[in-house]
Protein chains: 2
Amino acid sequence: MKNKTIFLDIANELHKRINEGVYVTSQKLPSEYDLAEEFGVSRLTIRKAIDSLISQNILVKEKGKGTYVMKQPKIASGLGGLYGFTEAAKRQGKRSKTKIIECTIADQMPDKVKQAFGKYADEKMIHLVRQRFLEDEPMTVEDIYVLQRYVSESSIEQLEEQSLFSEIEKNIEIGYSHQEVEAILVTEDLSRLLDVEVGQPLLLVHSLTYSPSAKPILYDTSFYRADKYTFKHTLQRKH
Amino acid sequence: MKNKTIFLDIANELHKRINEGVYVTSQKLPSEYDLAEEFGVSRLTIRKAIDSLISQNILVKEKGKGTYVMKQPKIASGLGGLYGFTEAAKRQGKRSKTKIIECTIADQMPDKVKQAFGKYADEKMIHLVRQRFLEDEPMTVEDIYVLQRYVSESSIEQLEEQSLFSEIEKNIEIGYSHQEVEAILVTEDLSRLLDVEVGQPLLLVHSLTYSPSAKPILYDTSFYRADKYTFKHTLQRKH
DNA sequence: GTTTATTTGTTCGTATGTATT
DNA sequence: AAATACATACGAACAAATAAA
């Protein structure tokens, strides 16, 4: 499974080495010159590979010193990157299950969603409400609006089994996602769907997912059980 | 205020033009070749300038077509990076205030903190509890353990006025921070400090802040009013 | 304390590939 | 089919920060 581009091949190889423990946390990587020689490419190509890993918070560089493996947060729950529920579950070796509560062509949608999609708001969209289970426990309820053009007919039928992200990526590459996390109290409806007592807190996450060229793909409003889920991420200091 | 680097100068100039309306939303910019000629630099330099604006979600590129100005509603608030409370407030043009509740040499600390600092856990640490106000409203309560070596004596006295981050950065550069966000219910103690009724939800954020070379600097457990605060961030899709 | 070697940061020029129009 | 525009890649050089001699 080779990429067309050398620098991505190298980024993958470096990433593999990090996961395999060849390069350990906080360890210095070989210098850019050494890596260039080892892979038989120019230094700029190595730099692009490293840049790609830095943007994924896997490496850190320090001018005059070297490139280091970033200390990774322990993965317990939560998302260590942009993954769908199914993918995140698989990475933790857990069984996930999905129950579709609603799946219709959206004839209208909240203003917040319309605003998010901008000029694409008039296109046909699928409104999807799903209940997600981890090890047979209800974990989250998703309310998703996704542009129909990115989801084929056959995909829709498989949404109880397949990852929505992987279905979408058959049609368009997923680039990034703006997320907003807040804390709310569980409502009556959600109390039933998530098996949580009224009065307990929930994590509410709004997210708008884009292609690499900033085309909006889907708007997701998800409710997570606060007792089972936390969100992990890494912020970079900007200077 | 000139930068040392050409590509940042150019990025700033392009950004200025966008703000001034020279390049309008959704308009195509001159090609990389044309810009290179105009600024009298190589195409690579233009690409670096454009990359920098893309990482700030200001521009978008499409292969074979061109570079476009991204439509920018850009809602206020939220963290576009790793900032302390004081800095984030300043960026929003709001008044912040700080009340120190505790400031001692820590003789013991929670296991979670010890574990986070690893081999540095035996060094002297300062335990700091602060109440933070925005426009005179209590917003968050912080519980911080910071390695004493990174905070000078004089700094400690100024913690009601100065940003902790900027004090620390006189001694060591801040690199990045692993954060974990969860939702909890307000306790009696916090109810008073945050002026929130019992039974309401709070955002609880644990964060461990590192130097660029992955040395742990401080461990922060912060409680945020859910009605006043949300967390915004951007996740990149990994391939 | 100064010099030297190492390592990342920036920039140039050039060439070729790939997607769009 | 041709022109345009971004994507990738190479080689080379010098600057700037760091660490070691």
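Just so we're on the same page: letters track the sequence lines, and every chain starts at 1. Fair warning: this is a prediction, and the values are worked out from it, not measured in the lab. Heavy atoms only: backbone and side chains are in, while hydrogens, waters and symmetry mates are out.
- Residues I105(A) and H127(A) fail the side-chain proximity criterion, which asks for heavy atoms closer than 4.5 Å.
- Between G66(B) and F7(A), the one whose closest nucleotide on DNA chain D sits nearer the 5' end is G66(B).
- Listed by chain and number, the residues in a side chain to side chain contact (heavy atoms under 4.5 Å, CB included) with K48(B) are F7(B) (sequence neighbours excluded).
- The side-chain hydrogen bond (donor to acceptor under 3.5 Å, both in side chains) test applied to S42(A) returns T45(A), not counting sequence neighbours.
- Shown here are the salt bridge (Lys or Arg N to Asp or Glu O under 4.0 Å) partners of E20(B), two or more places apart in sequence or in another chain: there are none.
- The closest side-chain heavy-atom distance from M125(B) to Y219(B) is not below 4.5 Å.
- The salt bridge (Lys or Arg N to Asp or Glu O under 4.0 Å) search around E167(A) returns K170(A), not counting sequence neighbours.
- Under the side-chain hydrogen bond (donor to acceptor under 3.5 Å, both in side chains) criterion, S211(A) pairs with S213(A), not counting sequence neighbours.
- Legend: residues meeting salt bridge (Lys or Arg N to Asp or Glu O under 4.0 Å) with E37(A), ordered by chain and number and at least two apart, are absent.
- The outermost nucleotides of DNA chain C lying under 4.0 Å from heavy atoms of chain B, listed 5' to 3', are dT10(C) to dT21(C).
- For H15(B), there are no side-chain hydrogen bond (donor to acceptor under 3.5 Å, both in side chains) partners at least two apart in sequence or on another chain.
- Taking a cutoff of 4.0 Å between a charged side-chain nitrogen and a carboxylate oxygen, E123(B) and K114(B) do not qualify as a salt bridge.
- Two end axes, each from the C1' atoms of five base pairs, can be drawn for the helix from dT2(C)-dA21(D) to dT21(C)-dA2(D); they diverge by 10°, to 10 degrees.
- Residues from residues 33-50 of chain B with heavy atoms under 4.0 angstrom of DNA chain D, sorted by number: Y33(B), R43(B), R47(B).
- Applying the side-chain hydrogen bond (donor to acceptor under 3.5 Å, both in side chains) rule to R132(A) yields the partners T86(A), T98(A), E142(A); only residues at least two apart in sequence or on another chain are considered.
- The span of DNA chain D lying next to chain B, judged by atoms under 4.0 Å from heavy atoms, is bounded 5' to 3' by dA5(D) to dT8(D).
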Item to complete: Could you go through the salt bridge (Lys or Arg N to Asp or Glu O under 4.0 Å) check for D51(B) and K61(B) one step at a time?
Response: CA-CA 9 Å; D51(B) 282 349; K61(B) 286 207 280 195; 3.7 Å; yes

